[in-house]
Amino acid sequence: MLAETLNDHRQTTLLASLRQSQAFATLSSEDIEAIAAGCHVRSLQKGETLFREGDPAEGFYVVQQGQIAISVLNPDGRERTICVFRPPESFAEIALATAQNYPANATALEPSRVILVRKAHFRELIVRKPDLALRMLAAMSMHLKTLVTLLRDSRGRQIEARLADWLLQQSPAAAAGCPAVFTLPIAKKVLAGQLGVAGETLSRTFARFRDENILRVAGSKITVMDSQKLRAYAEGNA
């Protein structure tokens with residue numbers, strides 16, 4: 001009886017996580033249950049690899065708990081974080097297209113749990129429900145937009161502009177021009193990789209913002225004191 005109760009709880013949690021994902025939010029309960037039938041839940045320890053570049057693409061994932069970083073190696077051998085996914089975001093939808101292998105690495109930044117939506121099962125559902133393909137295209141388009149932004153930033157904008165823009169994205173209050181306090185959602189090392197700079201460069205940029213009384217930084221706690229100046233940096237006008 002206890003085992004049945006635990007299984008029912010896991011299934012309920014799985015269905016709730018899929019329903020919270022933007023890709024599946026408006027689907028019927030019947031459709032969510034059909035997708036869940038082809039899913040597998042995997043737990044990861046901090047620093048554990050979910051998949052590596054070149055691994056066979058089993059399917060795509062929905063984050064149920066924790067944080068998953070997607071990264072690639074630069075030509076100089078340094079790892080660059082492309083994006084960090086949190087609940088209930090999905091990633092690796094490229095596996096549904098022609099990709100036979102994952103094009104990047106995925107690592108847990110903290111104890112995490114992810115839902116694998118198996119490729120073969122989901123493709124069978126798409127045959128019966130073509131609108132699912134449109135949902136996956138929308139998700140892939142959002143990821144492509146992120147990649148284009150990263151490419152633009154790495155070729156054009158200075159680190160001050162990139163960091164200022166990223167900080168404004170983390171705080172609606174700061175983006176609205178108000179003082180704000182928030183906690184960095186990722187480690188500074190991961191943030192440096194996501195912005196495409198060395199950790200020392202990121203530290204110097206934070207120090208510059210601090211010296212100009214734009215920010216106060218205490219560990220992972222960020223206090224935005226001058227959101228207008230921060231926006232000026234983000235727009236390249238500082």
Side-chain angles (χ1 to χ4, degrees), residues 13-14 16-18 20-23 39-55 57-74 76-95 101-117 139-140 142-147 149-151 153-154 159 162-172 174 180-203 205-206 215 217-222:
T13 302
L14 171 61
S17 297
L18 291 176
Q20 289 169 5
S21 175
Q22 185 175 358
C39 291
H40 170 73
V41 178
R42 178 176 171 184
S43 296
L44 301 161
Q45 297 301 313
K46 180 179 179 180
E48 187 174 351
T49 297
L50 177 60
F51 57 75
R52 296 185 186 278
E53 181 179 354
D55 283 351
E58 300 178 84
F60 68 98
Y61 292 86
V62 175
V63 184
Q64 195 173 44
Q65 175 185 310
Q67 297 184 97
I68 303 294
I70 305 299
S71 63
V72 295
L73 288 179
N74 288 334
D76 61 5
R78 288 190 303 168
E79 189 171 38
R80 178 171 189 185
T81 301
I82 300 173
C83 197
V84 176
F85 292 98
R86 306 174 184 84
E89 296 173 317
S90 61
F91 63 95
E93 293 91 348
I94 188 66
N101 308 94
Y102 291 116
N105 308 307
T107 307
L109 297 179
E110 59 186 52
S112 302
R113 191 165 57 244
V114 295
I115 301 169
L116 167 64
V117 184
M140 285 188 280
M142 289 300 296
H143 300 335
L144 179 60
K145 181 180 179 181
T146 298
L147 289 173
T149 300
L150 283 172
L151 181 60
D153 285 347
S154 65
I159 177 57
R162 281 180 270 164
L163 176 58
D165 189 30
W166 188 90
L167 290 168
L168 289 171
Q169 291 178 35
Q170 309 312 305
S171 173
V181 180
F182 63 94
T183 300
L184 290 175
I186 55 178
K188 290 177 184 175
K189 179 181 178 181
V190 176
L191 175 57
Q194 191 168 349
L195 296 176
V197 297
E200 296 81 359
T201 303
L202 179 65
S203 295
T205 309
F206 268 121
L215 303 175
V217 182
S220 61
K221 181 180 177 181
I222 304 294

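Any value given below was found using the heavy atoms of this structure, including those in side chains, with hydrogens, waters and symmetry copies removed. All figures in this text were calculated on a predicted structure; none of them were measured in a lab.
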Nearest 0.5 Å, what's the CD1-CG distance between Ile115 and Leu14? 4.5 Å

Mind checking the OG-CD spacing from Ser21 to Glu89? Nearest 0.5 Å is all I need. 9.0 Å

Would you please name every residue forming a side-chain contact (heavy atoms from CB on, under 4.5 Å) with Ala187, sequence neighbours left out? Val190

Flag side-chain contact, heavy atom, 4.5 Å: Gln20 against Pro87: no

Taking all atoms of both residues into account, what is the closest heavy-atom pair of Cys39 and Leu18, and its distance? SG-CD1, 4.2 Å

Who pairs with Ser43 by side-chain hydrogen bond (donor to acceptor under 3.5 Å, both in side chains), at least two apart in sequence or on another chain? none

Would you say Ile68 and Ser112 make side-chain contact, with heavy atoms under 4.5 Å? yes

With Glu53, which residues qualify under salt bridge (Lys or Arg N to Asp or Glu O under 4.0 Å), at least two apart? none

Compare every heavy atom of Ile70 with every heavy atom of Ala104, then report the nearest pair and how far apart it is. CB-CG2, 3.7 Å

Looking only at heavy atoms, which two atoms of Phe182 and Ser171 are closest? And how far apart? CD2-CB, 3.6 Å

For residues Leu109 and Lys189, determine if any side-chain heavy atom of one lies less than 4.5 Å from a side-chain heavy atom of the other. no

Sequence neighbours left out, what passes side-chain contact (heavy atoms from CB on, under 4.5 Å) with Gln45? Give chain and number order. Glu48

Mark yes or no for whether Lys188, through its side chain, and Ser220, through its backbone, hold a donor-acceptor pair below 3.5 Å. no

Do the non-hydrogen side-chain atoms of Trp166 and Gln194 ever get within less than 4.5 Å of each other? yes

Which residues pass the side-chain contact (heavy atoms from CB on, under 4.5 Å) test with Thr107, not counting sequence neighbours? Thr49

Taking every heavy atom of Ala95 against every heavy atom of Tyr102, the minimum-distance pair comes out as CB-CE2, 4.3 Å

Does the side chain of Leu167 reach to within under 4.5 Å of the side chain of Leu215, using non-hydrogen atoms? yes

Which value, rounded to the nearest 0.5 Å, describes the distance between Leu50 atom CG and Arg42 atom CZ? 5.5 Å

Residues forming a side-chain contact (heavy atoms from CB on, under 4.5 Å) with Lys46, sequence neighbours excluded: Pro111

Please identify each residue that fulfils side-chain hydrogen bond (donor to acceptor under 3.5 Å, both in side chains) with Gln169, with sequence neighbours left out. Asp165

Is there a side-chain contact between Phe91 and Val84 (heavy atoms, below 4.5 Å)? no

Nearest 0.5 Å, what's the CG-CG distance between Leu191 and Leu163? 6.5 Å

Flag the pair Ile222 / Val217 as yes when at least one side-chain heavy-atom distance between them is below 4.5 Å, and no otherwise. yes

Name all residues meeting the side-chain hydrogen bond (donor to acceptor under 3.5 Å, both in side chains) criterion together with Ser17; count only those two or more places apart in sequence or in a different chain, and write none if there are none. Gln64

All side-chain hydrogen bond (donor to acceptor under 3.5 Å, both in side chains) counterparts of Thr205, not counting sequence neighbours: none

What are the two closest non-hydrogen atoms of Pro88 and Val62, and how far apart are they? O-CG1, 3.7 Å

When you compare the side chain of Arg113 with that of Val41, does any pair of heavy atoms fall below 4.5 Å? yes

Would you name the heavy atoms of Ala92 and Phe51 that are closest together and state the gap between them? CB-CZ, 4.2 Å

Using the test salt bridge (Lys or Arg N to Asp or Glu O under 4.0 Å), find all partners of Arg52 that sit at least two apart in sequence or belong to another chain. none

